[in-house]
Asks: 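Would you mind keeping the following structure in view while I ask a few things?
When a ligand or atom number is given, it counts from 1 through the structure's own listing order.
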Amino acid sequence: EKGTYPHFMLKEIDEQPFVIRNIIQKYQNEDGTVRLDDEIRGAMKAADRIYIIAAGTSYHAGLVGKQLIEKIAQRPVEVHIASEFLYNMPLLSENPLFIFISQSGETADLRGVLVDVKKKGYPALTITNVPGSTLSREADFTLHTYAGPEIAVASTKAYTAQMAVLTLLAVDTAKARGIELDFDPLQELAIVSSAMETLCDQKEKLELIARDYLAVTRNCFFIGRAADYFVCLEGALKLKEISYIQAEGFAGGELKHGTIALIEDGTPVIAIATQEHVNLSIRGNVKEVAARGAYPCIISMEGLDQDGDAFVLPKVHEYLTSLITVIPLQLISYYAALHRDCDVDKPRNLAKSVTVE
Ligand code: F6R
């Protein structure tokens, strides 16, 4: 039920702080440490390489998951688009573990890969919001994202829930491998949850940004570097699917290799700056596009912000920035779609769960 909300999407965006708190509770031991299934821990520990398979928004969560697992648990990870995996199959390692990330647990492209993987005898873990789903039943293990039903076609809370669960999976694997962490993951996720609340309270500001930059434009670019690049891909997908604005996410450094040719007078460029080590270079990219007439909108993080930034995010742990950066992007897409009279919850040509290949 939507309750007092005009759309499921807005309700589901607002639910994100609670979803993160729920995940903390579900995966917390009494002593405040992370608790995951022993079998999953064993499978993660035994794998010499992890292959993440997903589609759409879940694929974008997978890109963030790779960074989390590699940085926190120091295991190598590859991320693949499900529909391409069987045609562009990489040379597999000796002891692979497959992780399928799927909100619905029903995506046919993923199922095709899962069937193949099981035939070959490899272990598979499904991270899903629907534990009884096909992908969950057919895999060896399941991790539940506990986001509650997601009704809007555009995925929002399922994406942040997937990233939170991937964080805990990385932390648990690190523990199994005897790696000492220099941060308390559950406490950092609690900080993320509060930051999400702060962001959900700034809808008016984000609506103004949407109106200013996106009410009439034909296209829009998102640029970022490092972790911010992956959020740019997700921000662009959200905007495309619900507002029908042609949008693309780019790595800041790639602009000069072609894309910058698309910049015209007034082209909106949303730049994300939450990563200290690339703050100067992404701001350099903003200057390059501005010099060619773009209309830049900088979304930065407290401590890295500069005069003239359009929006400043509260500070969270550097590994977890994607979980909060996406919220203003979700809300900007939502308001852009409203301004353009689009059907937010049921965009044209799309289905919530894609059960055909
Ligand atoms: C985007 C969106 C889709 C899904 C994709 C995978 O908002 O909803 O891109 O993320 O179809 O779906 P699941 O996660 O159910 O496998």
Asks: Are the aromatic ring centres of His7 and Tyr334 under 6.0 angstrom apart?
Replies: yes
Asks: If you count heavy atoms of other groups shown closer than 6.0 angstrom to CD of Glu39, is the number above 12?
Replies: no
Asks: Rounded to the nearest 0.5 Å, what's the gap from CD1 on Ile23 to CD on Gln28? Could you check?
Replies: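 The CD atom of Gln28 is 13.0 Å from CD1 of Ile23, to the nearest 0.5 Å.
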Asks: Nearest protein heavy atom to atom 5 (C) of ligand 1, by residue and atom, and its distance?
Replies: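 Result for atom 5 (C) of ligand 1: Ala55 O, 3.7 Å.
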Asks: Quick one: look up the protein heavy atom nearest atom 15 (O) of ligand 1 and list residue, atom name and how far away it is.
Replies: Ser104 OG, 2.7 Å
Asks: Does Arg348 qualify as a cation-pi partner of Tyr244, given the criterion of NZ or CZ under 6.0 Å from the six-membered ring centre and within 45 degrees of its axis?
Replies: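 The answer is yes; both the distance and angle limits are met.
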Asks: Relative to the heavy atoms of Ser102, which atoms of ligand 1 are at a distance of less than 4.0 Å?
Replies: 13 (P), 14 (O), 15 (O), 16 (O)
Asks: Less than 4.5 Å apart, any side-chain heavy atom of Ile299 and any of Asp309?
Replies: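 No, side chains not in contact.
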Asks: What atoms of ligand 1 come closer than 4.0 angstrom to any heavy atom of Lys238?
Replies: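 Taking each heavy atom of Lys238 in turn, ligand 1 has 1 (C), 7 (O) under 4.0 Å.
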Asks: Measure from the ring center of Tyr295 to the ring center of Tyr213 and say whether it is less than 6.0 Å.
Replies: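 Between Tyr213 and Tyr295, which both carry aromatic rings, the centre distance is below 6.0 Å.
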Asks: Heavy-atom contact check, 4.0 Å cutoff: does Val153 meet ligand 1?
Replies: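 Yes, that is the case, since the closest heavy atom of the residue is under 4.0 Å from the ligand.
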Asks: Return the closest protein heavy atom for atom 10 (O) of ligand 1 as residue, atom name and distance.
Replies: Thr57 N, 3.1 Å
Asks: Output the list of atoms in ligand 1 that are nearer than 4.0 Å to some heavy atom of Ala154, sorted by atom number.
Replies: 7 (O)
Asks: Could you find the nearest protein heavy atom to atom 14 (O) of ligand 1 and give me its residue, atom name and distance?
Replies: Ser58 OG, 2.5 Å
Asks: Where is the nearest protein heavy atom to atom 11 (O) of ligand 1: which residue, which atom, and how far?
Replies: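 Nearest neighbour among protein heavy atoms for atom 11 (O) of ligand 1, to 0.1 Å: Val354 CG2, 4.1 Å.
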Asks: Yes or no: does Lys352 have any heavy atom under 4.0 Å from an atom of ligand 1?
Replies: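 Per 4.0 Å heavy-atom rule, Lys352 does not contact ligand 1.
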Asks: Under 3.5 Å between some N or O of ligand 1 and some N or O of Gln162?
Replies: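 By distance alone, the answer is no.
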Asks: Would a distance-only check, ignoring hydrogens and angles, find a side-chain to backbone donor-acceptor pair under 3.5 Å from Asn29 to Asp31?
Replies: no
Asks: So is Ser353 in contact with ligand 1, going by heavy-atom distances below 4.0 Å?
Replies: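 Contact absent.
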Asks: Within the side chain of Thr107, is there an N or O that forms a donor-acceptor pair under 3.5 Å with the backbone of Asp109?
Replies: no
Asks: Would you please indicate yes or no on a ring centroid separation below 6.0 angstrom for Tyr122 and Tyr51?
Replies: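 Distance test on ring centres: not under 6.0 Å, no.
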Asks: Please write down residue, atom name and distance for the protein heavy atom closest to atom 7 (O) of ligand 1.
Replies: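 Checked against all protein heavy atoms, atom 7 (O) of ligand 1 sits closest to Glu241 OE2, 2.5 Å.
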Asks: Would the His317 and Phe183 ring centres measure less than 6.0 Å apart?
Replies: yes
Asks: Quick one: look up the protein heavy atom nearest atom 12 (O) of ligand 1 and list residue, atom name and how far away it is.
Replies: Thr107 OG1, 3.6 Å
Asks: Of all the atoms in ligand 1, which lie at a distance below 4.0 Å from a heavy atom belonging to Ser155?
Replies: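 By the 4.0 Å cutoff, the relevant atoms are 7 (O), 8 (O).
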